[in-house]
There are 2 protein chains.
Amino acid sequence: MSDEAPWLDEAEMATWLALIGVVMRLPGALEVQLRRDADLNHFEYCVLVGLEHAEDDTMRMSDLAFLCNGSLSRLSHVARRLESEGLIERFACPDDGRSTLARLTAAGRERLAKAAPGHVKLVRNLVFDELDDDEMRQMGELAKRVLARIQA
Amino acid sequence: MSDEAPWLDEAEMATWLALIGVVMRLPGALEVQLRRDADLNHFEYCVLVGLEHAEDDTMRMSDLAFLCNGSLSRLSHVARRLESEGLIERFACPDDGRSTLARLTAAGRERLAKAAPGHVKLVRNLVFDELDDDEMRQMGELAKRVLARIQA
DNA sequence: CTAGATTTATTGAAGGTTCAATGAAGCAGG
DNA sequence: CCTGCTTCATTGAACCTTCAATAAATCTAG
């Protein structure tokens with residue numbers, strides 16, 4: 001932990017305000033579309049996408065929670081809702097009796113299909129259409145390095 | 001709204017995952033410190049900081065909500081809590097009968113003083129210590145442009 | 001001038017997230 | 001083995017945010 005200069009200078013403050021602005025506003029912007037097109041919030045969408053990209057559409061709860069950048073408790077509550085809607089199913093892990101596996105159902109895949117096209121369009125519209133290829137890669141690299149610190 | 005290519009290529013996806021990771025995890029990381037040091041969540045902290053930087057420590061509710069990247073309804077609920085703790089006070093705007101002004105109290109300033117040093121340290125630790133000056137400015141510029149799209 | 005539209009703010013209800021507690025399953029050392 | 005420690009997951013309560021409804025003040029078009 002750094003232990004120096006008390007506050008941020010002008011350039012740092014400008015950067016921080018822009019970053020925190022994106023952090024605070026992006027989820028809400030994404031959720032408008034997801035709610036309208038597929039009645040999902042952003043975290044629910046991440047869960048379904050995470051499963052879709054996994055082997056056999058199946059993943060351990062705790063791995064899924066990490067992938068989706070949420071707590072296990074949060075995922076557990078969300079999984080109950082998604083399961084009650086038939087979008088995922090849960091079952092005991094054969095290899096480790098402590099673990100639960102979650103799997104995307106056909107209905108879950110259909111729901112995802114309703115959300116995804118509009119979601120991608122929106123992501124392009126909000127982020128990628130604004131950046132050229134160099135800027136996009138630079139943004140990714142910087143975000144990746146900051147993310148590594150947050151996760152540590 | 002762009003209306004092209006259906007999904008993100010590999011580099012775009014890597015960028016998106018890093019960006020969304022920061023977006024999802026940063027608030028939680030900040031709140032641990034704020035809760036510990038000053039029993040505030042991040043939005044409450046933003047409200048107090050916003051007022052501290054304003055003329056006469058006073059700002060219209062709707063301007064404050066925009067500055068803090070939240071809805072007016074959210075601010076209204078939070079303002080009730082902060083006011084009941086004596087950290088801010090609210091009063092009618094003399095110029096426009098529809099508006100309410102919020103002002104930071106002495107107690108609010110003290111509470112902020114408990115939170116701020118640790119908050120700045122954490123922000124430096126998570127973000128600015130990772131970036132050199134060029135990278136910091138680049139990040140700020142890119143975030144600013146993306147934020148402009150989100151706000152529009 | 002005034003009727004309707006807009007801006008500003010608050011409120012209650014519904015829904016989602018966090019936090020702490022609980023418990024089951026596996027692991028590690030004696 | 002069996003005791004304590006760790007991992008994995010769920011749960012309920014408390015808390016926070018969102019959404020829709022409400023209402024007051026201001027603006028605007030005719």
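Residue numbers begin at 1 in each chain, while the letters A, B, ... track the order of the sequences.
- For the helix from C:dC1-D:dG30 to C:dG30-D:dC1, the end axes, each set by the C1' atoms of five terminal pairs, are bent relative to each other by 30° (nearest 10°).
- Atom CZ in A:Arg98 sits about 8 Å away from atom C1' in D:dT6, given to the nearest Å.
- Bounding nucleotides for the chain A contact on DNA chain C, 5' to 3', at a heavy-atom distance below 4.0 Å, are C:dG16 to C:dG26.
- Residue B:Ser73 is in base contact, counting any heavy-atom pair closer than 4.0 Å across all strands shown.
- Here CG of A:Leu87 is found 14.5 Å from CZ of A:Arg103. Values are rounded to the nearest 0.5 Å.
- A salt bridge links B:Arg145 with B:Glu141: the closest approach of a Lys/Arg side-chain nitrogen to an acidic carboxylate oxygen falls below 4.0 angstrom.
- Regarding B:Leu72, its CG atom lies at a distance of 17 Å from the P atom of D:dA21, rounded to whole Å.
- Side chains of B:Leu48 and B:Glu44 form no contact here, defined as non-hydrogen atoms less than 4.5 Å apart.
- Residues A:Met24 and A:Ile20 form a side-chain contact, since some pair of their non-hydrogen atoms from C-beta on lies under 4.5 Å apart.
- Evaluation of the side-chain hydrogen bond (donor to acceptor under 3.5 Å, both in side chains) rule for B:Arg74 yields no partner, not counting sequence neighbours.
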Under-3.5 Å N/O pairs linking protein and nucleotides 14-17 of chain D:
from	atom 1	to	atom 2	distance (Å)
D:dT17	OP1	B:Arg74	NE	3.0
D:dT17	OP1	B:Arg74	NH2	2.5
D:dT17	OP2	B:Arg81	NH2	3.3

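- Residue contacts for B:Ser99: at a heavy-atom cut-off of 4.0 Å it reaches the sugar-phosphate backbone alone, with no base atom in range.
- For the segment residues 53-60 of chain A, residues with any heavy atom less than 4.0 angstrom from an atom of DNA chain D are, sorted by number, A:Arg60.
- By the 4.5 Å heavy-atom criterion applied to side chains, B:Met13 and B:Asp9 are not counted as neighbours.
- Annotation: side chain of A:Val146 is in contact with side chain of B:Met139 (closest heavy-atom distance under 4.5 Å).
- Put simply, the side chain of B:Met59 does not reach to within 4.5 Å of the side chain of B:His53, judged on heavy atoms.
- Closest to the side chain of B:Asp96, from the set D:dT26, D:dC8, D:dT10, is D:dT26.
- By the 4.0 Å N-to-carboxylate-O rule, A:Arg109 lies close enough to A:Asp57 to be salt-bridged with it.
- Judged by the 6.0 Å distance and 45° axis criteria, B:Arg149 is not positioned over the aromatic ring of A:Phe128.
- If you measure from atom CE of A:Met24 to atom C1' of D:dT18, you get 14 Å, rounded to the nearest angstrom.
- Between A:Leu101 and A:Gly28, the one whose closest nucleotide on DNA chain D sits nearer the 5' end is A:Leu101.
- Inter-residue side-chain proximity for B:Leu101 and B:Pro94 is flagged as met; some heavy-atom pair is nearer than 4.5 Å.
- Between B:Arg80 atom CZ and B:Ile88 atom CD1 the span is 11.0 Å, to the nearest 0.5 Å.
- Here the side chains of A:Leu112 and A:Tyr45 are in contact, with some heavy-atom distance below 4.5 Å.
- Comparing A:Asp95 and A:Gly70, the nucleotide of DNA chain C nearest to each residue sits closer to the 5' end for A:Gly70.
- Rounded to an integer number of Å, the gap from CD1 of A:Ile88 to C1' of D:dT10 is 13 Å.
- Partners of B:Asn41 by side-chain hydrogen bond (donor to acceptor under 3.5 Å, both in side chains), not counting sequence neighbours: none found.
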